[in-house]
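The block underneath contains the structure these notes are about, expressed in structure tokens.
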Amino acid sequence: MVDYLIQKCGLSIEKANSASKILTHIKSAEKPDSVLSFLKQSGFNDTHIRDLISNQPRLLTVKVENTLKPKFLFFQELGLYGTPFAEIASRYPYFLRCSIENQLQPNISYLRSFFHTDDNIVRAIKRRVKVLIYDLQKQIMPCIEVLRKCGIPDHQISSLILRWPFFLTGGPQWIETLVTRVEKFGIARGSGMFIHGVLAMGKMSETTMEAKLELLKSFGWSEQDILAAFQKEPRFMNVSEGKVRALMRVLMVELGLKPREIASRPKVFVISLEKVLLPRREVLKILKGRGLVKERVQLFTLASMSGESFLKNYVIRYLDRAPELREAYMVPLGISG
């Protein structure tokens, strides 16, 4: 069996030794061969098979016609098959053990009530296949009811399931705790920003949140500054402490901006520091130094522009008069020519 797992499934010696202990009852290669043959016919390559069997060696013991084929057909009818299905199954094979009648079908039916099309359901599965493993009626529905009571519309809840389905598995009491925190930060129920506030709070523990508040206050931010920033862009609270410190060095120390000025533009926190903010800061320094733009032009304004618009209006436009812009902005982004 160890040799079989190495030669036919591509497992390492260590993985093969471990897996073989689970498969000691196999006396013939007939059933494992039929499983591997079916997987290859279904679009699984050698890497997919290696990862799948490493995670779930017991699959080599199942009957293809009774166990694997019905589930593969179930997902094929849904629109998930071939390489995309192989990639999901090889990384997260646990859902292949779920019952079609008792778990997969009820979950898919429940997802249809939110997503309406199978394409959207497939997208949700690709993002988080665990959505198939949960008992959606018992684990997800109570959390959804809490969100509905807060005035959050179904189309936002659908987006939440699609992008972060794991968020809705913490239980209704956890969601209610997040709701309370968001209200304390001044975002009212029924507001379009409320769901974003709940999601932001759900991505950090209360301890992490307290540490973030203390960090901002150490840079002179008042509670009102923090509340104002959160109400405009809740995601700013999810930025790492390292990035907050780096941003404060740039915005407060180098540019001399006040906390209130930064709090009024919190989207700057969710912009990439290395790829967007710092290169554009260098471009702005050069343009102001050469008198090519007015002094009142702010980094905030440039940071919010699309890459294409910024490149056209603040880099390419001035390259003949300030060729160093190429090194300051274009080279760091890997742009040549």
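Note that the numbering runs from 1 along the sequence shown for the chain.
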Next on the checklist: Assess the residue pair R112 and D118 against the criterion (salt bridge (Lys or Arg N to Asp or Glu O under 4.0 Å)); give the C-alpha distance rounded to whole Å, side-chain angles, the decisive distance to 0.1 Å, and a yes or no.
Outcome noted: CA-CA 7 Å; R112 278 198 183 102; D118 287 352; 2.9 Å; yes
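In this structure, the side chain of S158 engages the main chain of D154 through a donor-acceptor pair within 3.5 Å. Remark: the backbone N or O of V297 is paired with a side-chain donor or acceptor of K288 at under 3.5 angstrom. The closest donor-acceptor contact from the side chain of S18 to the backbone of K15 lies at 3.5 Å or more, if one exists at all. Under the 3.5 Å distance criterion, the side-chain polar atoms of K212 are matched with a main-chain donor or acceptor of V239. Side-chain atoms of R281 do not come within 3.5 Å of backbone N or O of V250 as any donor-acceptor pair. Side chain of S304 to backbone of T301: a donor-acceptor contact under 3.5 angstrom is found. Under the 3.5 Å distance criterion, the side-chain polar atoms of K243 are matched with a main-chain donor or acceptor of F269. One N or O on the side chain of N55 and one on the backbone of S90 form a donor-acceptor pair closer than 3.5 Å.
With sequence neighbours excluded, no residue forms a salt bridge (charged side-chain N to carboxylate O under 4.0 Å, His left out) with R123. Judged as a ring-ring contact (aromatic ring centres under 6.0 Å, His included), and not counting sequence neighbours, the contacts of F75 are F85, F95.
Sorted by first and then second residue, the salt bridge (charged side-chain N to carboxylate O under 4.0 Å, His left out) pairs with a member in residues 49-67 read E65-K69; sequence neighbours excluded.
Applying the 6.0 Å contact sphere to CD of E254 captures more than 12 heavy atoms from other residues, nucleotides or ligands.
Expressed to the nearest 0.5 Å, how far CD1 of I88 lies from CG of L80 amounts to 4.5 Å.
The pair K217-E223 meets the salt-bridge criterion, since a charged nitrogen lies less than 4.0 angstrom from a carboxylate oxygen.
Of the candidates K232, R260, K258, D225 forms a salt bridge (Lys or Arg N to Asp or Glu O under 4.0 Å) with just one, namely R260.
Between H48 and F44, the ring-plane angle classifies as perpendicular under the 30° and 60° cut-offs.
Remark: the S37 side chain and the Q41 side chain contain an N/O donor-acceptor pair separated by less than 3.5 Å.
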